[in-house]
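Remarks on the structure that follows.
The figures that follow rest on heavy atoms only: side chains count, while hydrogens, waters and symmetry mates do not. Throughout, residue positions are numbered sequentially from 1 according to the sequence presented. Just so it is clear, the model here is predicted, and its values are computed rather than measured.
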Amino acid sequence: MNRKSVGTVIQLSDEQKKAIMEEIAAFYLDERDEEIGMIEQSQLLDLFLEQLAPIVYNKALDDAIGWYKRQQENIESDYYLLYKD
C-alpha cells in the first residue's frame, strides 16, 4: 500500500506544549543530570513532532482500517445469522 506522509506537523495547544516541554526537561534532568533551557526543549519537541507525527498518524490509520474490517466481518456474520433454516 502506498502511503502519503502527513503534510503538516501536529499543532499543540499552549498548555500541551508547555506540559510536554516540562516532561522533556524533567527527562534530561533525571536521566542525564542535565538542565536544558526552553529553546532546547522547544527544538526537541518540534523535532519529535516532525519526525514522529507521520509515523503515529499512519499507525492510527492502519489501526482504524483494521478495526473497520473487523466490524465489516461482524456485520456480514450477523447478516447470515438472519437466514431461517
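Judged by distance alone, the side chain of Gln51 and the main-chain N or O of Phe48 form no donor-acceptor pair under 3.5 Å. In terms of modelled atom types and a separation under 3.5 Å, the side chain of Glu31 and the main chain of Tyr28 share no donor-acceptor contact. Under the 3.5 Å distance criterion, the side-chain polar atoms of Ser77 are matched with a main-chain donor or acceptor of Glu73.
The side-chain heavy atoms of Ile10 and Tyr57, taken from C-beta on, include no pair separated by under 4.5 Å. With contacts defined as side-chain heavy-atom distances shorter than 4.5 Å, the pair Leu12/Leu45 qualifies. Between Asp46 and Glu50 there is no side-chain heavy-atom pair separated by less than 4.5 Å. No side-chain heavy atom of Leu52 sits less than 4.5 Å from a side-chain heavy atom of Leu47. Side-chain atoms of Lys17 and Ser42, non-hydrogen and from C-beta on, do get closer than 4.5 Å to each other.
When the shell of 6.0 Å around CD of Glu35 is examined, it contains 12 or fewer heavy atoms from other residues, nucleotides or ligands. Counting heavy atoms of neighbouring residues, nucleotides and ligands inside a 6.0 Å radius, atom CG of Asn74 exceeds 12 of them. Taking a 6.0 Å sphere around CD of Glu34, one finds it holds more than 12 heavy atoms contributed by other residues, nucleotides or ligands. Shown here is Leu81, whose CG atom has more than 12 heavy atoms of other residues, nucleotides or ligands within 6.0 Å. Within 6.0 Å of CD on Gln72 lie more than 12 heavy atoms contributed by other residues, nucleotides or ligands.
Between the CD atom of Glu23 and the CG atom of Leu44 there is a distance of 13.5 Å, given to the nearest 0.5 Å.
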Lys59/Asp63 under salt bridge (charged side-chain N to carboxylate O under 4.0 Å, His left out): CA gap, chis, key distance, verdict: CA-CA 6 Å; Lys59 175 69 172 116; Asp63 291 349; 2.6 Å; yes
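Follow the hydrophobic side-chain contacts under 4.5 Å out from Leu49 and you never reach Ile39; the two are in separate clusters.
Using the six-membered ring where Trp is involved, Tyr80 and Tyr83 have ring planes that are parallel, under 30° apart on the 30 and 60° scheme.
Between Met21 and Gln41, the shortest heavy-atom distance links the atoms O-OE1, 3.2 Å.
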